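All values reported here derive from a predicted model rather than from experimental measurement. In what follows, every heavy atom counts, from backbone to side chain, and hydrogens, waters and symmetry copies are set aside. First the proteins, then the strands, lettered A, B, ... as listed; each starts at 1.
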2 protein chains.
Amino acid sequence: MPKPTFEKLPNHKREAFTKGFLQEFAANNYDKASVSVVVKKLNIAKGSVYQYFENKLDLYLYLKSLCEMTKMQYVLGIKREDYATFWDYYRTQYEAGIQFDLEHPLESKFLYRIGEKENSEALRGFMKEWKQQAIQAYIGIIQGEVDKGLFRKDISAEAMTYFLVSVSLGIGDVLRDRYHIDFDENIKDGKPLFALDKTVLMEAVDEQIVLLKGALDFKK
Amino acid sequence: MPKPTFEKLPNHKREAFTKGFLQEFAANNYDKASVSVVVKKLNIAKGSVYQYFENKLDLYLYLKSLCEMTKMQYVLGIKREDYATFWDYYRTQYEAGIQFDLEHPLESKFLYRIGEKENSEALRGFMKEWKQQAIQAYIGIIQGEVDKGLFRKDISAEAMTYFLVSVSLGIGDVLRDRYHIDFDENIKDGKPLFALDKTVLMEAVDEQIVLLKGALDFKK
DNA sequence: TATTATTGTGACTACGAGGTCACATGACTA
DNA sequence: TAGTCATGTGACCTCGTAGTCACAATAATA
């Protein structure tokens, strides 16, 4: 986490700093992202970085927590109990994610990288924990659907959760491939990752949801 | 592709060379895999590597084609027309993949990395093409199922294909996470990635197939 | 055996990374 | 104004990488 020196920085400096490194980590994975490059771009001394943060990993984790907090504001208010079906809930969550991407493309791309399988050894521990927590949270919800008789009972909630997560993580790729989206170009141009009409995107998402329903819904 | 010098090498030398670099590329991504490290491990001169191959990328692509050819021997004979349903066909393919992993763990891990989202910039072009070809091949098969009235008609074959691919790529992670498998450790010990009883693994696969059936099969 | 062609070698180059530190600069206090 | 403390600086250090090349060693041919 940042040293006091960083917290005391005037806003415009701190924001420029954050933005510069967010761009770098959004465009490159942890290992390839270069402190030296950003430092040149921002016209600050390399030593400053290490007066603000312990090291590269410390800086990365700070940015990660920043992005997560921003995304939370979009997703946290969405509660299962406020929706008639799991799929209304799920769809709303996904839509909020797209809205987040629309308004915070850098943070969105940063977080998109976390879902990637291959990650630097330095990060692997954090990512594994992160994924396990996400999975566990979802298992609880899915088990709830099973108990309500809304999801099938012949397959374990765990298996269904992994299934759902696979598809969820894949949807981003579906969108990217089907609409020939170049994430890196969009990032460079300051556009959102999914620089397309939201309704078009949601159509593709809805297709995947229809398939998910077929897979998980209880059939009498 | 290798220079003539490499082809003329005595078998034991060529095999040791190949194995050494397969291990390195199985354990590290393209960027992190180090020619220098392997060279030390094999007790050969660095210059030799560049008498066998143009450069690191050339060497990597050769190993990739090697692994693909080996895997082909397991999968190529499996034809859709030999199976009653798509799912018998799909299951057999997956089982063959596990068998391949059992007998060629190094090659299996090497290829597993290709499915990963994050890849070195040097490789991105190759991987994109590779994925597109795989997708296109599958779309043809899936469309065939639709035409036969076996798969649902209300969703495009393309959307169903992406759905199937998402889940297929995810199954590896399901197995890894559910059975707490450490790929890197297994590789280091010379074990297969999925060092578990094949029938146990296939049980988990079958669960996912049941869900896939629910999603894609035509319901009257 | 002498000559030529092929293969093996490892110190070396050029590069770029993360991180350090003695010093310069600026701001606030006495 | 003089002194103190926090912040900014960039040359420098260590490390590791891919790739090179003049030379040594071996194999093949005459």
Return the value, rounded to whole Å, for the distance between atom [atom1] of [X] and atom [atom2] of [N].
X       : N      : atom1 : atom2 : result
B:Lys40 : D:dA18 : NZ    : P     : 11 Å
B:Asp58 : D:dT20 : CG    : C1'   : 17 Å
B:Asp31 : D:dA18 : CG    : P     : 9 Å
B:Leu42 : C:dG10 : CG    : P     : 14 Å
A:Phe53 : C:dG18 : CZ    : P     : 15 Å
A:Tyr30 : C:dA17 : OH    : C1'   : 12 Å
A:Asn28 : C:dG18 : CG    : C1'   : 15 Å
B:Lys3  : D:dT20 : NZ    : C1'   : 11 Å

Have a look at A:Ala33 and say if it touches a base, only the backbone sugar-phosphate, or nothing, with a 4.0 Å heavy-atom cut-off.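 Sugar-phosphate only.
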Give one of base, sugar-phosphate or nothing for A:Val37, where a contact means two heavy atoms less than 4.0 Å apart.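 Touches sugar-phosphate only.
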With no hydrogens and no angle check, do the side chains of B:Gln93 and B:Tyr89 hold a donor and an acceptor under 3.5 Å apart?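 Per modelled atom types, B:Gln93 and B:Tyr89 side chains form a pair under 3.5 Å.
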What I want to check is whether the side chains of B:Thr18 and B:Tyr62 have a donor and an acceptor closer together than 3.5 Å.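 Distance-only check fails for B:Thr18 and B:Tyr62.
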With respect to the phosphate group of D:dG16, does any side-chain polar atom (N or O) of B:Ser34 fall under 4.0 Å of OP1 or OP2?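 Answer no for this pair, as no side-chain N or O of B:Ser34 is under 4.0 Å from OP1 or OP2.
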At less than 4.0 Å, is any side-chain N or O atom of B:Tyr50 found next to OP1 or OP2 of D:dT20? Yes or no.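 No, because none of the side-chain N or O atoms of B:Tyr50 sits under 4.0 Å from OP1 or OP2 of D:dT20.
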With a 4.0 Å cut-off, would you call B:Lys128 and A:Asp177 a salt bridge?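 No.
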Can you name the atoms? Protein N/O to nucleotides 6-10 of chain D N/O, anything below 3.5 Å, with the distance.
residue: D:dT7; atom: OP1; partner: A:Lys8; partner atom: NZ; Å: 3.0
residue: D:dG8; atom: OP1; partner: A:Lys13; partner atom: NZ; Å: 3.3
residue: D:dG8; atom: OP1; partner: A:Tyr52; partner atom: OH; Å: 3.4
residue: D:dG8; atom: OP2; partner: A:Tyr52; partner atom: OH; Å: 3.0
residue: D:dG8; atom: N7; partner: A:Gln51; partner atom: OE1; Å: 3.1
residue: D:dT9; atom: OP2; partner: A:Ala45; partner atom: N; Å: 3.4
residue: D:dG10; atom: O6; partner: A:Gly47; partner atom: N; Å: 3.4

Return each pair, listed once, that meets salt bridge (charged side-chain N to carboxylate O under 4.0 Å, His left out) where at least one residue sits in residues 28-57 of chain B; pairs must be two or more places apart or across chains.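 As it turns out, the salt bridge (charged side-chain N to carboxylate O under 4.0 Å, His left out) pairs with a partner in residues 28-57 of chain B, which skip direct neighbours, are A:Glu121-B:Lys32.
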Taking salt bridge (Lys or Arg N to Asp or Glu O under 4.0 Å) as the definition, give me every residue that meets it alongside A:Glu207, ordered by chain and number, with sequence neighbours left out.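 Expected list: A:Arg178.
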Please check: side-chain N/O of A:Glu158 versus main-chain N/O of A:Ile139, any donor-acceptor pairing under 3.5 Å?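 Not at all, since once roles are kept as given, no pair shorter than 3.5 Å links the two residues.
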What orientation do A:Phe53 and A:Phe6 show, parallel under 30°, tilted 30 to 60°, or perpendicular over 60°?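 Answer is tilted, since the angle falls between 30° and 60°.
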